[in-house]
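Written out below as structure tokens is the structure these notes cover.
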Amino acid sequence: MKFFIDTADLNEIRELATTGLLDGVTTNPSLIAKSGGNILEVIKEICDVVPGDVSAEVTATDFHTMLREGQKLAKLADNVVVKVPLTMDGLKTCKALSTDGTKVNVTLCFSAAQALLAAKAGATYISPFVGRLDDISIDGMGLIADIVQIYASYPALETEVLVASIRHPMHLVEAAKMGADVATLPPSVIRQLFKHPLTDSGLESFLKDWEGTGQSILEPNTSDEKRERAQ
Ligand code: E4P
């Protein structure tokens, strides 16, 4: 399963990219606005930091302008994926861009029927929003199960299921159990994934017992340590 980070905050992206666990980035107009930066500059910088797919969203709503925006965004870097909303014009744009070899992420998907349309339009990714469905008392993960099942029935459809609007680690775990291809995670959820109280208490007691032995794996001032310090 691929892990994308769902933010346009370059500091967060740089820091979490050091884990080696990030396969890509998703942004949207709200996240770009929150970053306070210029979309073209922000996307270019993100593409330099993360070599995987970086989604950059168009902001027009008519086909011709969306297409021009998408073509401009795609030229920013080889790893840009153009993000379009799931509207009729958005899917026309998806079809045109994907036919020309540009990767497209179709966003704001809230039904299995929409996901089927996006796959037929040649989307590289479909982004169903689980958290926003949960917010209105509709089962977000149920939608993921439906899309995964439908896509699996038609091997010719190559669209990957990118679970979006994730709010907590259980969304990720459920998505993984269902075989979703990608999860895009807010930085706060990525940090939560590492945490478990039993890991913390277990480590604390290991370290306390170890301290009692008076041993040290590395001898202080060994040549190893000197070399590490010099680097
Ligand atoms: C995905 O591509 C979207 O940017 C994102 O997941 C939306 O999440 P939200 O519902 O928390 O805004």
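Every number for a ligand or one of its atoms is a count from 1 in the order of the listing. Hydrogens, waters and symmetry mates are skipped; everything else that's a heavy atom, side chains included, is used.
Using a 3.5 Å distance cut-off with no hydrogens or angles, the side chains of H64 and D89 do not pair a donor with an acceptor.
Taking distance alone, with nitrogen or oxygen atoms compared against 3.5 Å, T27 stays at or beyond that limit from ligand 1. Annotation: R167 places an N or O atom under 3.5 Å from an N or O atom of ligand 1; distance criterion only.
Distance from atom 7 (C) of ligand 1 to its nearest protein heavy atom, with residue and atom name: F129 CE2, 3.6 Å. Nearest protein neighbour of atom 12 (O) of ligand 1, counting heavy atoms only, is R132 NH2, 2.8 Å. Closest to atom 8 (O) of ligand 1, if we only count protein heavy atoms, is S165 CA, 3.4 Å.
The side-chain heavy atoms of T26 and I5, taken from C-beta on, include no pair separated by under 4.5 Å. Between T59 and E69 there is a side-chain heavy-atom pair separated by less than 4.5 Å.
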Under the side chain to side chain contact (heavy atoms under 4.5 Å, CB included) criterion, do V81 and F4 qualify, and how do the steps go? CA-CA 13 Å; V81 174; F4 289 179; over 6 Å; no
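Between K34 and D9, none of the side-chain N atoms (NZ, or NE/NH1/NH2) sits under 4.0 Å from a carboxylate O, so this pair counts as no salt bridge. Electrostatic pairing of K2 and D53 does not count as a salt bridge here, judged by no charged N lying under 4.0 Å from a carboxylate O.
Near N28, meaning under 4.0 Å from any of its heavy atoms, are these atoms of ligand 1: 3 (C), 4 (O). Close approach of ligand 1 to D6 is summarised as follows: ligand atoms under 4.0 Å from at least one heavy atom of the residue are 1 (C), 2 (O), 3 (C), 4 (O), 5 (C), 6 (O), 7 (C), 8 (O). Ligand-side atoms of ligand 1 in range of K83: 1 (C), 2 (O), 3 (C), 4 (O), range being under 4.0 angstrom from any heavy atom. Of all the atoms in ligand 1, the ones that sit under 4.0 Å from a non-hydrogen atom of A164 are 1 (C), 6 (O).
M178 and Y151 fall within the same hydrophobic cluster, where Ile, Leu, Val, Met, Phe, Trp and Tyr residues are linked whenever their side-chain heavy atoms come under 4.5 Å apart, directly or through other members.
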